[in-house]
2 protein chains.
Amino acid sequence: MQLHKRDVVDAAMTLLDSYGIADLTMRRLARELKVSPGALYWHFANKQQLLGTVADRILEPALADEPPPGWQQCVTAVCSRLRDALLAYTDGAELVSASFAAGQSRAASDILARLTAAATHAGVQGARAERVAGTVIYYVLGFTADEQSRLQWDAAGAELPEEQSVLTEDPSARFRFGVRLLVDGIRARSSPQSDVSQKIFE
Amino acid sequence: MQLHKRDVVDAAMTLLDSYGIADLTMRRLARELKVSPGALYWHFANKQQLLGTVADRILEPALADEPPPGWQQCVTAVCSRLRDALLAYTDGAELVSASFAAGQSRAASDILARLTAAATHAGVQGARAERVAGTVIYYVLGFTADEQSRLQWDAAGAELPEEQSVLTEDPSARFRFGVRLLVDGIRARSSPQSDVSQKIFE
DNA sequence: ACCTGAACACCGTTCAAGT
DNA sequence: ACCTGAACACCGTTCAAGT
């Protein structure tokens, strides 16, 4: 029977979670679907576009329900749901990072929009709210990609060197710590009159 | 005459800056050096290791002189020198991000160490200082990779859509804004008695 | 409209064999 | 010690031709 976009993305998700991003190739995907490689190019313009669609699916659960009211709770919730969604698939963070950077994921843009709204609600003026949202996203993607690569390196055997132990212990706590750092920063940004750095840097 | 590690890295830097990371392949590099592809594997274990060495060279200017005293000035200086170093080569941010994530760049670790020292100096306790340093690095790499990709997309023709204009205007100011956000966060973290979020989140 | 088959122009890595 | 040549097992993408 006919090949649909949905089937392609389903197969891509399975491939990704089973073997990782390096094995998510157009040829491998075609083989799994028992079609010729060229068939995929009827449904997707190129690999980047396909990966963008995969990214959207990974991020779906992170967008499932409305974020809570109150900008701090909103930022915290959006970040932790984003991280959870990324961790749910092998190499999820790496794939979404790439698609976000390439501007190929609608879902990623939606998440950015929620963070921007939260920053505005926190009292950050106009265009600055977008910058705040960007800063937060960079952190979550960077942190989670790092966490996930260590996790997988770890799972694939081998004791960790002493030195790295502090970096792998309680990632959730380390993550929340960074989020709070950003929230504290936003609070300081949003009320310039109480902000010492204004004098120093501007 | 003999092929030395130095020559390989020199050629790699030229290739990177002229054609970007996608064209920095082992085979292309070998062709440029007029050797067989296999020759490179006498000097480097694999491509990842070679890219790590390239990352170290990109970061060299960022480590050239000691950071200023005073933790805020130190964080600000390390961040802006890091960004400058990354922007000096085509796809520099992307390459260094990958090598940093893979733990293949000594220079990247050195920069992390400087930020950790600054955080400690700011009064952040023990292991938390490393987390702060990580948060800052994720931001700088994420921001700069994004900035650079927009720059290059831009340079390669095509007017930008209205919507994206706010994201491309004055990147240096946007960058400093994010750094200040982090600095403000660090200040709040370092003096918990004056930190409202302690009550809310802990 | 949707897909096959085959081609094009590449990859990273290995390794016997040469000097 | 250092490098060649050739092979192995792949890539993404295109496109005439088929149904």
*Asks:* Check the orientation of B:Y138 and A:F143. Use parallel for under 30°, tilted for 30 to 60°, and perpendicular for over 60°.
*Replies:*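 Perpendicular, since the angle between the ring planes exceeds 60°.
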*Asks:* What integer number of Å spans the C1' atoms of C:dC11 and D:dC8?
*Replies:*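 These two C1' atoms come out 12 Å apart once rounded.
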*Asks:* Between C1' on D:dT13 and CG on A:L50, what's the gap in Å once rounded to a whole number?
*Replies:*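 About 14 Å, once rounded to whole Å.
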*Asks:* Test your reading of the model: is there a side-chain donor-acceptor pair from B:Q73 to the backbone of B:P68, 3.5 Å cut-off?
*Replies:*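 Side chain of B:Q73 to backbone of B:P68: no pair is present.
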*Asks:* When both hydrogen-bonding distances must be under 3.5 Å and the geometry is Watson-Crick or G-U wobble, what is C:dC3 paired with, if anything?
*Replies:*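 C:dC3 is unpaired by these criteria.
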*Asks:* Between C:dT4, C:dC11, C:dT13, which nucleotide gets closest to the side-chain atoms of B:T25?
*Replies:*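 Nearest nucleotide to the side chain: C:dC11.
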*Asks:* Could you check how far CG of A:L40 sits from C1' of D:dG12, rounded to whole Å?
*Replies:*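 Atom CG in A:L40 sits about 11 Å away from atom C1' in D:dG12.
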*Asks:* Relative to A:Y89, does A:R57 satisfy both conditions: NZ or CZ under 6.0 angstrom from the six-membered ring centre, and within 45 degrees of the ring's axis?
*Replies:*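 No - A:R57 does not lie over the ring of A:Y89 by the 6.0 Å and 45° rule.
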*Asks:* Nearest to the side chain of B:K47, which nucleotide is it out of C:dC3, D:dG12, C:dT13?
*Replies:*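 Nearest to the side chain of B:K47 among the choices is C:dT13.
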*Asks:* Strictly below 4.0 Å, N to O, side chains only: are A:D170 and A:R174 in salt-bridge contact?
*Replies:*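 Looking at A:R174 together with A:D170, the answer is no, because their closest N to O distance does not fall below 4.0 Å.
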*Asks:* A:M26 side chain: which of D:dG12, D:dC11, C:dC11 is closest?
*Replies:*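 Selected nucleotide (nearest to the side chain): D:dG12.
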*Asks:* A:K34 NZ to C:dG5 C1': how many Å, rounded?
*Replies:*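 From A:K34 NZ to C:dG5 C1': 18 Å.
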*Asks:* Got a salt bridge between B:R106 and B:D56, using NZ or NE/NH1/NH2 to carboxylate O under 4.0 Å?
*Replies:*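 Looking at B:D56 together with B:R106, the answer is no, because their closest N to O distance does not fall below 4.0 Å.
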*Asks:* Check the distance between C:dT13's P and B:Q49's CD and give it to me in whole angstrom.
*Replies:*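 Interatomic distance, CD of B:Q49 to P of C:dT13: 11 Å.
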*Asks:* Could you measure between the two C1' atoms, the one in C:dA16 and the one in D:dC3, and give it in whole Å?
*Replies:*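 Nearest-Å result for C:dA16 against D:dC3 at atom C1': 12 Å.
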*Asks:* Out of D:dT4, C:dC11, D:dC3, which nucleotide sits closest to the side chain of B:L3?
*Replies:*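 For the B:L3 side chain, the nearest candidate turns out to be D:dC3.
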*Asks:* What nucleotide, of C:dT13, D:dT4, D:dT13, holds the atom closest to the side chain of B:V35?
*Replies:*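 From the listed options, D:dT4 comes nearest.
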*Asks:* Can you tell me which nucleotide in D:dG12, C:dC11, D:dC3 comes closest to the side chain of B:A39?
*Replies:*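 Per side-chain heavy atoms of B:A39, the pick is D:dC3.
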*Asks:* From the options D:dT13, C:dT4, C:dC3, select the nucleotide whose nearest atom is closest to the side chain of A:Q2.
*Replies:*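 Closest nucleotide to the A:Q2 side chain: C:dC3.
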*Asks:* Measuring from the side chain of A:Y41 (C-beta onward, heavy atoms only), which nucleotide among C:dT13, D:dC3, D:dT13 has the closest atom?
*Replies:*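 It is D:dT13.
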*Asks:* Could you tell me which nucleotide pairs with D:dC10 by Watson-Crick or G-U wobble geometry, both distances under 3.5 Å, or answer none if nothing does?
*Replies:*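 Pair assignment: D:dC10 / none.
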*Asks:* Provide, to the nearest angstrom, the distance between the CZ atom belonging to B:R28 and the C1' atom belonging to C:dC10.
*Replies:*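 Rounded to whole Å, this separation is 12 Å.
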*Asks:* So, are A:D110 and A:R114 salt-bridged, with charged N and O less than 4.0 Å apart?
*Replies:*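 Between A:R114 and A:D110 there is no salt bridge, as every charged N stays at least 4.0 Å from the carboxylate O atoms.
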*Asks:* OP1 or OP2 of D:dC3 versus the side-chain N and O atoms of B:W42: is any pair under 4.0 Å?
*Replies:*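 Answer no for this pair, as no side-chain N or O of B:W42 is under 4.0 Å from OP1 or OP2.
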*Asks:* Check the distance between C:dC11's P and B:Q48's CD and give it to me in whole angstrom.
*Replies:*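 In whole Å, C:dC11 P and B:Q48 CD are 19 Å from each other.
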*Asks:* In whole angstrom, give the distance that lies between atom CG of A:L29 and atom C1' of D:dC10.
*Replies:*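 It is 16 Å, rounded to the nearest whole Å.
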*Asks:* If the P atom of C:dC10 is compared with that of D:dA9, how far apart are they to the nearest Å?
*Replies:*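 Those two atoms are separated by 22 Å.
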*Asks:* Under 4.0 Å from OP1 or OP2 of D:dC3: is there any side-chain N or O of B:H43 that close?
*Replies:*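 Answer is yes, contact under 4.0 Å.
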*Asks:* For B:D23 and C:dA9, what is the distance between atoms CG and P respectively, to the nearest whole Å?
*Replies:*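 After rounding, the reported distance stands at 16 Å.
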